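Whatever order the structure lists ligands and atoms in, that order sets their numbers, starting from 1. These numbers come from a predicted model, not from an experiment.
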Amino acid sequence: GGRRSGLQLYCELKRRTRIRTVDGTEEPFSGLGWARLVPSLPLQELQTSQYRTCAVVTSAGAILNSSLGMEIDSHDAVLRFNAAPTKGFERDVGTKTTIRIINSQIMARPKHHFNSSSLYQNVTLLVWDPAPYSFNLTKWFEKPDFDLFSAYVERRRLRPEQPFYILHPGFIWSLWDLIQDHTEDRIQPNPPSSGFTGLLLMMSLCGEVSVYEFIPSIRRTDLCHYYERYHDDACTLGAYHPLLYEKLLVQKINQSPPDQLKRGKRRFRTDHC
Ligand code: NCC
């Protein structure tokens, strides 16, 4: 394709992002009464923008020693991922969590203590599971990558007041399509990372989105997570997820002045489209 401005590309990504969750209207979920199990307020309706500014905080080790905590907390809503804590890291990552996106491992692996850990309480929770591209919801329900369904049913019973949604595989793969459509190489047929999914989601829910340490800053390191002593470059560059391509795409649509880039921040104003 021809050259296009970052803003045009950004607006296309925003236009093509259609949030979808498992809402109980399709089989097998409809037959199982999930229309009454899922939250009555659709996630898309958060879109009636209660959030003017949002922060997306990736779990990258490079956020250590950033002192970004206060800035992050100054946003109306803060999105975090998986088991990333704030306790003990407040100065660098802040204290506030509004939405948390988890992958299905968090619900299936005992080590995460999904039902008792405070990380997954008092927040809007979104979970996804890597269903195959040509998903068939019945096959997915019978054999998810990690069993999230029984734990979801249990959690809805235990905490019916918590807004907790399962992201629809069709939504996940539509984001993958977006990445592939803007990449010359053929990317691996694995779902986008939680980070990319979260960023595109917040572009729909917020007036302005700042994402921290998705594109590495000058603090770039092979430390995988800010909260763990584990070193692997693949966490930043990708192995399973098409992470490198996600990052190249986000870099193309970035709207921040250069000084912000060094700080590991990328900002997007959603009202320009
Ligand atoms: O590592 P993870 O992601 O939880 O990180 C959340 C998001 O932050 C961005 N990130 C993270 C580290 C880093 N050095 N650079 C980054 O840019 C990415 O956008 C990432 O998505 C996931 O996407 O769900 C992932 O989850 C982990 C793991 O399952 C959870 O942390 C739970 O323990 C995956 N790792 C493994 O399965 C071993 C990881 O591949 C993706």
| field | atom 13 (C) of ligand 1 protein-contacted (non-hydrogen atom, under 4.0 angstrom) | value | yes
| query | Looking at Val153, Leu148, Asp147, which hits side-chain contact (heavy atoms from CB on, under 4.5 Å) with Ser150? | reply | Asp147
| In terms of atom number and element, which parts of ligand 1 are under 4.0 angstrom from non-hydrogen atoms of Ser59? | 5 (O), 6 (C), 8 (O)
| For atom 32 (C) of ligand 1, the option (of Asp222, Leu223, Ile106, Leu237) bearing the nearest heavy atom | Ile106
| Main-chain N/O of Ala55 paired with Ser210 side-chain donor or acceptor, under 3.5 Å | no
| query | With a 4.0 Å heavy-atom cut-off (strictly under), which part of Ile102 contacts ligand 1: side chain, backbone, both or neither? | reply | neither
| task | If you have a sec, work out which protein heavy atom is nearest atom 28 (C) of ligand 1 and how many Å separate them, to one decimal? | result | Asn103 ND2, 3.8 Å
| Any donor-acceptor pair under 3.5 Å linking the side chain of Arg156 with the backbone of Leu37? | yes
| query | Quick one: does Arg80's side chain have a donor or acceptor within less than 3.5 Å of a partner on Lys96's backbone? | reply | yes
| Given Ala62, Cys235, Gly195, which one has a non-hydrogen atom that is nearest to atom 10 (N) of ligand 1? | Cys235
| said: Looking at ligand 1, is there an atom of it that comes within less than 4.0 Å of some heavy atom belonging to Cys224? | reply: yes
| query | How close does the nearest protein non-hydrogen atom get to atom 22 (C) of ligand 1, and which residue and atom is it? | reply | Ser194 OG, 3.2 Å
| remark: atom 1 (O) of ligand 1 has as its nearest protein heavy atom His225 NE2, 2.6 Å
| message | Can you confirm whether Asn65 sits close enough to Arg91 that some side-chain heavy atom of one is under 4.5 Å from a side-chain heavy atom of the other? | response | yes
| query | Mind checking whether Trp176 and Trp173 have parallel, tilted or perpendicular rings, split at 30° and 60°? | reply | perpendicular
| query | Which bit of Thr236 is near ligand 1, meaning a heavy atom under 4.0 Å away: side chain, backbone, both or neither? | reply | both
| Protein heavy atom at shortest distance from atom 9 (C) of ligand 1 | Thr58 CB, 3.7 Å
| query | Should Lys265 and Glu213 count as an ion pair when the cut-off is N to O under 4.0 Å? | reply | no
| field | Contact with ligand 1 for Phe214, non-hydrogen, under 4.0 angstrom | value | yes
| query | Short N/O distance, under 3.5 Å, between Phe81 and ligand 1? | reply | no
| task | Looking only at protein heavy atoms, identify the closest one to atom 37 (O) of ligand 1 and say how far it is in Å. | result | Gln105 NE2, 3.2 Å
| task | Report yes or no: is the cationic atom of Arg155 (NZ for Lys, CZ for Arg) closer than 6.0 Å to the six-membered ring centre of Phe114, at no more than 45° off its axis? | result | yes
| remark: Heavy-atom proximity to atom 40 (O) of ligand 1, picking from Arg109, Lys247, Lys111, His241, points to His241
| What is the closest protein heavy atom to atom 30 (C) of ligand 1, and at what distance does it sit? | Asn82 ND2, 3.5 Å
| request: Just do the side chain to side chain donor-acceptor pair (under 3.5 Å) check on His75 and Glu208 with the steps written out, would you? | output: CA-CA 9 Å; His75 293 80; Glu208 186 180 301; 5.8 Å; no
| query | Can you tell me if Asn254 and Ser256 form a side-chain donor-acceptor pair at under 3.5 Å? | reply | yes
| query | What is the nearest protein non-hydrogen atom to atom 11 (C) of ligand 1, stated with its residue, atom name and distance? | reply | Ala60 N, 3.9 Å
| said: Checking a contact table here: which protein heavy atom is nearest atom 19 (O) of ligand 1, and how many Å away? | reply: Ser193 OG, 3.0 Å
| query | Can you say whether the rings of Trp140 and Phe149 are parallel (under 30°), tilted (30 to 60°) or perpendicular (over 60°)? | reply | perpendicular
